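Take a look at the structure below.
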Amino acid sequence: MLRIVLFLFLIALAAAGAAWVADQPGDLVLTWGVFRVTTTFPRFVFGLGVFAAATVLVWSILTMIWRTPGRLRRRRHDKRHARGRHAITHGLLAIGHGDTALARRHADAARRHAPDDPLALLLHAQSAQLDGNRDDAQRAFRAMAERPDTRLLGLRGLFIEAQRADDAVAAVMIAEEAIKLAPSSTWASQAVLGFRCARSDWSGALAILDSNLSAGLIDKKAWRRQRGVLLTARALELETMDRDVARESVMEAVKLAPTLVPAAALAAKFESEAHQVRRAMKLVEAAWLSHPHPDLADAYAHVKLGDSARQRLQRIETLAAKTPGHVEGQLALARAAIDASEFARAREALAPLINDPTQRVALLMAEIERAEHGDSGRARAWTLRAVRARHDPAWTADGYVSNRWRPVSPVTGRLDAFQWQTPVASLPSDRGTTIEASPFEEAMLAAPPPKRITVSSEALEPVQPAPVPAAQDNLPPAPKPSEAKSAETKASETKASEVKPSEVKAPEAKSEAKTLDVKAPEAPEPVTVATEAKPAPEPAESAPIAATPVFRARADLGKPASSPIPAVIPIIRAPDDPGIDDEGPSDEFTEQIGTPKAQAGGWRGFWSRWGR
């Protein structure tokens, strides 16, 4: 609206001026030498206007002719620049959808039409990376690093290429150069921090972390957590070398990150050594409420030096009560109960977990069976179940499982990457278990604990003939033919007497039974057992008949039910024969809890003792 009003005002002003010029009377005389021109004033003004317009027109034509070459050059340059921009745009799009050939073609076009454009260098480098040509990519990134406007981008590209080539030295040098140019560069600061942590340069890593906080790359909460992780790593490294610095570092770490498990465990250890038991317990309890962990339970149990196993059990019960129903609390309680020989309490703690046990649960049950009953069979069955059981939580970072906490991931170099969680490999599979349940395992776990067994003669059955042992130099002289014949006749007329071995109880320490051998008869006669004649088998080795016990069982106590055992026939040996140590198959669980084996007898025992 304002422009219309202004336009109308200018037209009115021009009309008023023209009317004023037209109304002026008189003549205008122009004299130039011998020339004399006489005209009116309106004609003079009109002629002056035409002359000015002609002058402007001529000047414009001359200026246009003078500027034509420059305009042609600029137009050609603009056209090439437009073609280069078009090639860069479509080349980046080709890289985005993975068309290597099209990206390379557009990169060549961009390099021809816009060689000085930084985006053309970037397109060339990325197309070379997509094509797998690392040499061309490095040349392009070096060219970018030499330009002031693309120096940081070129260093980033060279850093990536150094990482792909596994050149750690070049990568850290490039990252340090980049952080000098731009302290706020996120990738450079993270790279330098990771490299310093990998070299265990905790002081340098702390300096980079403080620089990141000043540059605004991380917030205050993340800074506190990461600083606590770095201080804990330094304390763990200096624990055995410089305990003062280690203690100072871990105490600061606990203040910054009170829920960090290794920091709380190490701080509790230092406080316990300084006889600050209550303070150490508070540190462990604060971390346990957030993240229950076996290391915290172990530190809590041993927070007071010199306590007995029962006192440690009471302390663990207090800690487990703070997180009722948690798996780590139950496992810690079972571990402490086993150490205190409270096997019923340990079984009670593991009862909710044995239906679907993890490896630690199965191994604890195996240890209970060995320590409480000396039952190697059930212990072996639980150990076999531990092979197929689910994995327990472990320190895991980026798919890497470690047996201890680490401050940095070995895969990506990420700080504070390890978390206490179940490894991916232990997740349930839709295909089912790969190992079928063992019949031996099911039978051993279903069987009751070992009981006292009474052997009777009615359970004896013939067995396969056993090989006759070799004659020994300390055997009694062989009987005469007449004496052997009379003995055989007497045996056939006499009924078999009932075998009454003493009650056998599984000993706590492993021992080897000694047997007595004699020369077997060539043709044994049938032996009558319970009014029924049965062929007597060849003599075979068996468990010896124990002597009459000193303390007999009370009559008011019921006898345990007898269970059938494989038939054996005792062999009579000379009283002066100490026997031969027939060593059976080794048992890894019995060997762990048993006493050294008994010395073998006879000449073989002498030879074995001589060899040792």
Side-chain angles (χ1 to χ4, degrees), residues 134 155-179 185-212 217-218 222-241 245-246 249-250 253 256-257 259-266 287 291 293-296 298 328 358-360 390-427:
R134 293 185 176 179
L155 292 175
R156 174 69 184 279
L158 292 175
F159 171 77
I160 294 175
E161 290 299 323
Q163 281 187 324
R164 291 182 177 179
D166 293 333
D167 190 353
V169 177
V172 69
M173 291 177 63
I174 294 170
E176 289 178 352
E177 182 67 21
I179 205 171
S185 178
T186 304
W187 68 269
S189 61
Q190 293 296 332
V192 174
L193 179 62
F195 282 119
R196 292 187 179 180
C197 291
R199 293 197 303 264
S200 299
D201 184 8
W202 308 119
S203 300
L206 289 171
I208 291 295
L209 189 64
D210 295 339
S211 177
N212 292 343
L217 299 180
I218 57 175
W223 174 81
R224 292 175 62 88
R225 174 73 180 187
Q226 293 183 9
R227 184 173 177 83
V229 169
L230 293 176
L231 290 172
T232 304
R234 183 169 68 179
L236 290 173
E237 183 179 354
L238 299 177
E239 181 182 0
T240 58
M241 295 182 293
V245 177
S249 299
V250 76
L256 295 174
T259 60
L260 188 60
V261 172
L266 185 58
H291 301 290
H293 192 274
D295 292 347
L296 296 176
D298 183 71
E328 294 296 340
T358 61
Q359 293 179 351
R360 289 168 59 194
R390 295 184 295 105
H391 290 273
D392 291 279
W395 290 114
T396 307
D398 300 323
Y400 182 88
V401 180
S402 175
N403 59 348
R404 62 181 179 87
W405 177 83
R406 299 170 186 265
V408 183
S409 170
V411 181
T412 60
R414 183 163 51 94
L415 185 63
D416 193 22
F418 277 91
Q419 302 294 329
W420 182 256
Q421 60 187 5
T422 303
V424 179
S426 67
L427 295 179

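Keep in mind that this is a model prediction, so the values were computed, not measured. Atoms considered below: every heavy atom in the structure, side chains included; atoms not considered: hydrogens, waters and symmetry mates.
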Could you check whether any side-chain heavy atom of [X] comes within less than 4.5 Å of a side-chain heavy atom of [Y], counting everything from C-beta outward?
X      : Y      : result
Ser189 : Leu217 : yes
Thr422 : Thr358 : no
Val250 : Leu236 : no
Arg225 : Thr259 : yes
Thr396 : Gln419 : no
Leu230 : Cys197 : yes

[X] to [Y] - nearest heavy-atom pair and separation:
X      : Y      : answer
Arg227 : Leu209 : N-CD2, 3.4 Å
Thr232 : Leu260 : OG1-CD2, 3.4 Å
Gly228 : Leu256 : N-CD1, 4.1 Å
Trp187 : Ala175 : CZ3-CA, 4.4 Å
Arg196 : Gly204 : NH1-O, 3.0 Å
Glu161 : Arg134 : OE1-CG, 3.7 Å

Show your reasoning for whether side chain to side chain contact (heavy atoms under 4.5 Å, CB included) applies to Phe159 and Glu177. CA-CA 10 Å; Phe159 171 77; Glu177 182 67 21; over 6 Å; no

Looking at [Y], is its backbone amide N or carbonyl O close enough to the side chain of [X] to form a donor-acceptor pair, meaning the two atoms are under 3.5 Å apart?
X      : Y      : answer
Asp167 : Ala162 : no
Arg234 : Trp202 : no
Ser211 : Ala207 : no

Point-to-point distance, once rounded to the nearest 0.5 Å, from [atom1] of [X] to [atom2] of [Y]:
X      : Y      : atom1 : atom2 : answer
Asp201 : Leu193 : CG    : CG    : 10.5 Å
Met173 : Phe195 : CE    : CZ    : 12.0 Å
Ile174 : Arg156 : CD1   : CZ    : 12.0 Å
Ser200 : Leu238 : OG    : CG    : 10.0 Å
Leu155 : Ile160 : CG    : CD1   : 11.5 Å
Ser409 : Asp416 : OG    : CG    : 11.0 Å

Steps toward side chain to side chain contact (heavy atoms under 4.5 Å, CB included) verdict (Trp420, Asp295): CA-CA 11 Å; Trp420 182 256; Asp295 292 347; over 6 Å; no

Are Glu328 and Arg360 close enough, and set up right, to give a side chain to side chain contact (heavy atoms under 4.5 Å, CB included), and what steps lead you there? CA-CA 10 Å; Glu328 294 296 340; Arg360 289 168 59 194; 3.3 Å; yes

May I have the step-by-step check of side chain to side chain contact (heavy atoms under 4.5 Å, CB included) for Gln226 and Asn212, ending in yes or no? CA-CA 11 Å; Gln226 293 183 9; Asn212 292 343; 5.9 Å; no

